[in-house]
Amino acid sequence: MRTVVDLTRCQGYAQCVFLAPRVFQLHGEEGLLYAPAVPEDQVERVRQAAAACPVQAILLGEEVSADGR
């Protein structure tokens, strides 16, 4: 699975960091770093993180491109 975070929508609530810390990390107070290629053992955690995102900034899928389409 691939993931893309729309960083223009991300508000730094960090729900994703709490739910999937091996994929999402905060850099500083609000900068988000993430792994676009989700390890197989983290797929369910990333799905939960995407569902928990208050601004729906996390896009998931097998064919998500770098521009989020």
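As the structure is a prediction and not an experimental result, all values here were calculated from the model. All heavy atoms count here, side chains included; hydrogens, waters and symmetry mates do not.
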4.5 Å side-chain heavy-atom contact, Tyr34 and Ile58: no

Atom CD of residue position Glu40 - does it have more than 12 heavy atoms of other residues, nucleotides or ligands inside 6.0 Å? no

CZ of Phe24 to CZ of Arg45, rounded to nearest 0.5 Å, is 12.0 Å

Heavy atoms, side chains only, cut-off 4.5 Å: are Arg2 and Pro36 in contact? yes

I'd like to know if Val4 and Leu19 are part of one continuous hydrophobic network [Ile/Leu/Val/Met/Phe/Trp/Tyr, side-chain heavy atoms within less than 4.5 Å]. no

Identify the two heavy atoms, one from Gln42 and one from Arg22, that lie closest to each other, and give their separation to 0.1 Å. NE2-NH1, 3.1 Å

Closest non-hydrogen contact found for Pro21 with Phe18 is CD-O, 3.9 Å

Among Ile, Leu, Val, Met, Phe, Trp and Tyr joined by side-chain contacts under 4.5 Å, find the other residues sharing a cluster with Val55 and list them by chain and number. Tyr13

Over all heavy atoms of both residues, which pair between Pro54 and Gln15 is shortest? Give the atoms and the distance, please. CD-CG, 4.2 Å

Could you work out, with side-chain contact (heavy atoms from CB on, under 4.5 Å) as the rule, every residue matching Ala51, not counting sequence neighbours? none

Out of curiosity, does Leu33 fall in the hydrophobic cluster containing Val46 (side-chain heavy atoms, cut-off under 4.5 Å, transitive links)? no

With a 3.5 Å distance limit and no angle check, can you tell me whether Thr3 reaches the backbone of Leu59 through a side-chain donor-acceptor pair? yes

Does the side chain of Met1 reach to within under 4.5 Å of the side chain of Arg47, using non-hydrogen atoms? yes

Close side-chain approach of Leu32 to Cys16, heavy-atom, < 4.5 Å: yes

